[in-house]
Amino acid sequence: GGPNPQGGASGNAKPVAHAILAETLKDTALVLTLHGTAGDGQGLSFAIVTPPKSGSLGAITPIAGTPADSASVTYTPDPGVTARRGLRGR
């Protein structure tokens, strides 16, 4: 195949992770759903590139019964923290 305008060889487009924004109450864990697009019809794997500055993340796990482009991860804030936190994945 020929060149692919999204990068790479035909049928091998770069994967894209979709942004998520979520809020939780103080001292309340939150399950985040990760979505992405493989671009080549293949399944994805997810990784956290920039973790939150406080709190912790559980293991990234595939979501049963969904396409291979979805996974979940649980964010647990540090006790008593009310500030906004961000993370970045790929």
Side-chain angles (χ1 to χ4, degrees):
N4 183 324
Q6 294 180 348
S10 180
N12 192 16
K14 292 181 181 181
V16 176
H18 301 285
I20 58 171
L21 177 63
E23 294 183 16
T24 188
L25 300 173
K26 182 173 134 180
D27 300 328
T28 303
L30 179 67
V31 176
L32 303 171
T33 302
L34 310 174
H35 295 285
T37 305
D40 61 2
Q42 300 297 313
L44 295 174
S45 61
F46 293 90
I48 302 300
V49 176
T50 305
K53 292 182 180 182
S54 68
S56 62
L57 295 171
I60 298 173
T61 56
I63 300 173
T66 65
D69 60 358
S70 299
S72 67
V73 63
T74 299
Y75 168 73
T76 304
D78 286 338
V81 173
T82 58
R84 291 179 183 239
R85 297 289 176 241
L87 60 93
R88 196 173 79 168
R90 65 176 167 113

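- Shortest non-hydrogen contact noted between Pro52 and Tyr75 is CG-CE1, 3.7 Å.
- Residues satisfying the side chain to side chain contact (heavy atoms under 4.5 Å, CB included) test with Ile60, not counting sequence neighbours, are Leu34, Phe46, Ile48, Ala71, Val73.
- Smallest separation of non-hydrogen atoms from Asp78 and Ser54: OD2-CB, 3.2 Å.
- With rounding to the nearest 0.5 Å, the separation of CG in Leu44 from OG1 in Thr37 is 7.5 Å.
- Checking side-chain atoms of Asp69 against main-chain N and O of His35 turns up no donor-acceptor pair under 3.5 Å.
- Taking both residues in full, the closest heavy atoms of Gly80 and Asp27 are given as N-OD1, 2.6 Å, listed atom of the first, atom of the second, then distance.
- Contact detail for Lys26 and Val81: the closest heavy-atom pair is CG-O, 4.0 Å.
- Under the rule for a side chain to side chain contact (heavy atoms under 4.5 Å, CB included), the partners of Thr74 that lie at least two apart in sequence or sit in another chain are Ala29, Val31, Thr76.
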